[in-house]
Amino acid sequence: MKKILVTGACGYIGSHTIVSLLGRGYEVIGVDSMERGKDYVPERVKQITGKGFHNYHANLCNLKNARYVFETEKDIAAVIHFAAYKQVGESVEKPLRYYGNNLIALINVLICLREFNVADFIFSSSSSVYGNITELPVKEDTNVTEQTSPYGRTKYFSEKMISDFANIHRLKTFILRYFNPAGCHESALLGEPIEEKPSNLVPAITSAAAGRQEFFLVNGDDYPTRDGSCIRDYIHVMDVAEAHIAAMENLFNNTAQNSFTDVINLGTGNGISVLEMIKAFEKTTGHKLNYRHGPRRAGDPAAIYSDNTKAEKILKWKPGRSLETMMLSAWKWEQANASVDVK
Ligand code: WQD
């Protein structure tokens with residue numbers, strides 16, 4: 001049974017990917033600084049899958065920690081690297097914290113891949129890399145313009161570092177650019193860590209619906225879109241998790257090459273507006289949402305959604321879960337876990 005190292009194991013996408021990995025029969029080793037990772041994740045993953053994984057409580061920004069994990073876990077077949085800060089707004093306020101954390105952790109992982117001869121690597125990237133979009137839907141070779149946040153730039157720099165590194169070391173890599181992951185595992189035992197004042201759309205809707213916020217604020221209704229609100233590509237987190245398995249198994253099966261880096265969009269290919277998301281939530285849950293229209297949010301592009309045909313062609317993967325399934329799972333998660341995550 002192949003052993004897979006997952007960094008950021010107790011985070012949102014990492015924990016859901018571990019559920020998929022264990023379900024596919026892989027052995028999983030996790031590492032997480034637990035600064036933002038949730039300590040209930042290992043136990044709940046075991047509840048869902050019947051299998052556990054060992055999680056190293058370690059910050060990968062310390063090369064000694066990274067080496068310790070690779071030394072202890074000798075025969076790692078592949079690494080899936082999620083560990084990073086990911087809040088766009090926070091990155092604007094704390095740029096050095098984002099550059100330091102996201103880039104140094106990656107550099108240390110790349111050093112260990114070389115030192116311990118791990119040849120298969122999956123990197124968690126983001127549609128934020130594209131910057132202000134000039135053409136829609138966004139393809140992997142769409143011209144990348146200036147990113148709109150330090151967060152987006154950490155992902156852009158990371159991609160360049162990986163590609164430069166893979167060019168001189170034996171490393172096969174898929175860089176997966178997520179659009180807007182949302183929703184949670186059907187058990188409502190795992191989900192996006194719930195914040196007191198959520199910044200992302202879906203948790204902001206569910207927190208307003210649950211009465212944790214007085215109302216949901218629509219950030220701008222005067223954009224050049226079909227209803228004036230911003231358009232995004234929301235993809236169920238379990239579809240994102242399954243895409244990582246497909247990418248990893250593609251690397252395992254690709255014995256012809258020993259070094260390449262390829263970028264793949266993970267999105268549904270459908271653009272949905274903020275107002276349409278509100279309607280989808282209300283229709284799916286039967287819950288009327290109290291919302292108001294407010295000013296635009298700095299840094300928001302009017303519309304961004306993916307062309308996901310490359311994922312289907314290369315990974316033989318396409319998203320299968322509906323917007324309704326996504327909304328319902330997010331609502332269940334809010335009701336089940338807000339009191340745990342928000343102290
Ligand atoms: C979506 C739309 C908001 C909250 C995200 C992540 C980023 C990266 C890319 C992972 C925008 C509007 C939101 C609210 C609103 N993901 N909105 N009221 O900005 O596309 O970026 O995906 O790498 O980390 O932040 O997603 O959910 O923040 O916003 O109107 O209370 O919803 O203005 O138009 P975004 P989001």
Side-chain angles (χ1 to χ4, degrees), residues 8 11-14 16 36 81-93 98 102 123-133 136 138 147-156 158-159 175-183 192-210 212-235 237 240 243-244 265-268 271-281 289-306 326-327 330 334:
Y12 179 36
I13 319 278
H16 286 81
R36 300 191 175 183
H81 184 56
F82 294 101
Y85 295 153
K86 68 126 200 161
Q87 296 192 3
V88 172
E90 183 186 47
S91 79
V92 174
E93 288 152 32
Y98 269 67
N102 292 6
F123 178 69
S124 164
S125 190
S126 164
S127 58
S128 303
V129 165
Y130 291 109
N132 277 312
I133 308 312
L136 288 170
V138 179
Q147 292 77 33
T148 56
S149 71
Y151 163 75
R153 276 186 281 281
T154 68
K155 290 299 184 182
Y156 176 74
S158 294
E159 293 189 8
I175 289 175
L176 304 180
R177 287 180 184 162
Y178 313 154
F179 281 69
N180 289 60
E192 186 169 6
I194 297 174
E195 300 161 293
E196 196 174 339
K197 274 193 75 53
S199 58
N200 289 142
L201 176 92
V202 172
I205 286 178
T206 59
S207 75
R212 289 196 301 112
Q213 315 298 330
E214 194 194 339
F215 53 84
F216 172 81
L217 187 69
V218 176
N219 295 332
D221 55 11
D222 59 351
Y223 284 98
T225 61
R226 50 184 177 266
D227 63 14
S229 66
C230 286
I231 289 176
R232 294 289 185 275
D233 183 338
Y234 299 94
I235 179 165
V237 66
V240 173
H244 286 73
N265 284 340
L266 292 189
T268 63
I272 300 182
S273 77
V274 173
L275 293 174
E276 289 163 350
M277 288 293 274
I278 292 172
K279 289 190 188 66
F281 174 80
L289 187 71
N290 178 21
Y291 67 93
R292 296 182 191 168
H293 292 260
R296 293 183 175 193
R297 182 176 75 174
D300 274 346
I304 174 169
Y305 53 92
S306 67
M326 181 199 301
M327 278 299 187
E334 167 74 37

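In listed order, ligands and their atoms are each counted from 1. Remember, it's a predicted structure, so these values are computed and weren't measured experimentally.
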Classify the contact between Val274 and ligand 1 as side chain, backbone, both or neither, using a heavy-atom distance cut-off of under 4.0 Å.
side chain

Looking only at protein heavy atoms, which one is nearest to atom 24 (O) of ligand 1, and what is the separation?
Lys86 O, 2.8 Å

Who gets closest to atom 6 (C) of ligand 1 by heavy atom: Asp221, Asn200, Val240?
Asn200

With Ser306, the side chain to side chain donor-acceptor pair (under 3.5 Å) member among Asn265, Asn180, Asp233
Asp233

Any heavy atom of Phe216 under 4.0 Å from ligand 1? The part involved is side chain

For atom 16 (N) of ligand 1, the option (of Phe179, Tyr85, Tyr12, Tyr234) bearing the nearest heavy atom
Phe179

Atom 7 (C) of ligand 1 sits nearest the protein heavy atom Val88 CG2, 3.7 Å

Sub-3.5 Å donor-acceptor pair from the side chain of Tyr98 to the main-chain atoms of Val88, do we have one?
no

Check the pair Glu195, Arg36 against salt bridge (Lys or Arg N to Asp or Glu O under 4.0 Å), reporting the backbone distance first and the verdict last.
CA-CA 11 Å; Glu195 300 161 293; Arg36 300 191 175 183; over 6 Å; no

If you look at every heavy atom in Tyr151 and Ser126, which pair is closest and at what distance?
OH-CB, 3.4 Å

With a 3.5 Å cut-off and no angle check, do the side chains of Asn102 and Thr154 form a donor-acceptor pair?
yes

Val218 heavy atoms within 4.0 Å reach ligand 1 at atoms 30 (O)

Any atoms of ligand 1 less than 4.0 Å from a non-hydrogen atom of Cys230? List them with their elements.
34 (O)

Less than 3.5 Å between some nitrogen or oxygen of Asn219 and one of ligand 1, yes or no?
yes

Numbering as shown, the atoms of ligand 1 that approach Ser199 to under 4.0 Å (heavy-atom distance)
4 (C), 13 (C), 28 (O)

Going by the atom numbers of ligand 1, which of them fall below 4.0 Å from some non-hydrogen atom of Ser128?
8 (C), 9 (C)

Quick one: does Leu201 get an N or O within less than 3.5 Å of an N or O on ligand 1?
yes

Would you check the N or O atoms of Arg297, main chain and side chain alike, for any that come under 3.5 Å of an N or O of ligand 1?
yes

Donor-acceptor pair, Ser229 side chain versus Leu275 backbone, under 3.5 Å?
yes

Take Leu201 and Phe281 through the test side chain to side chain contact (heavy atoms under 4.5 Å, CB included) and record every step on the way to the result.
CA-CA 11 Å; Leu201 176 92; Phe281 174 80; over 6 Å; no

Mode of Leu217 contact toward ligand 1 - side chain, backbone, both, neither (heavy atoms, under 4.0 Å):
backbone

shortest atom 20 (O) of ligand 1-to-protein heavy-atom contact is with Arg232 NE, 2.8 Å

Working note: Ile304 + Val138, criterion side chain to side chain contact (heavy atoms under 4.5 Å, CB included); need CA distance, chi angles, decisive distance, verdict.
CA-CA 7 Å; Ile304 174 169; Val138 179; 4.0 Å; yes

Just let me know how Ser229 lines up against ligand 1, side chain, backbone, both or neither, with a heavy-atom cut-off below 4.0 Å.
neither

Of all heavy-atom pairs between Ala210 and Glu334, which one has the smallest distance, and what is that distance?
CB-OE2, 3.5 Å

Regarding ligand 1, does Tyr178 bring an N or O atom to under 3.5 Å of one of the ligand's N or O atoms?
no

Roughly how far, to the nearest 0.5 Å, is the NE2 atom of His244 from the NE2 atom of His16?
12.5 Å

Which residue and heavy atom of the protein sit nearest atom 21 (O) of ligand 1, plus the separation
Asn180 ND2, 4.0 Å

Name the residue from Glu159, Lys155, Arg177 that meets the side chain to side chain donor-acceptor pair (under 3.5 Å) definition with Ser125.
Glu159

Ligand 1 versus Phe215: contacting region, heavy-atom distance under 4.0 Å
neither

Tell me if a side-chain donor or acceptor on Arg296 pairs with a main-chain N or O of Asp222 at a distance below 3.5 Å.
yes

To which protein heavy atom is atom 23 (O) of ligand 1 closest, and what is the distance rounded to 0.1 Å?
Tyr151 OH, 2.3 Å

Asp300 contact mode with ligand 1 (heavy-atom cut-off under 4.0 Å):
side chain

Assess the side chains of Tyr234 and Thr268: does a donor N or O sit below 3.5 Å from an acceptor N or O?
no

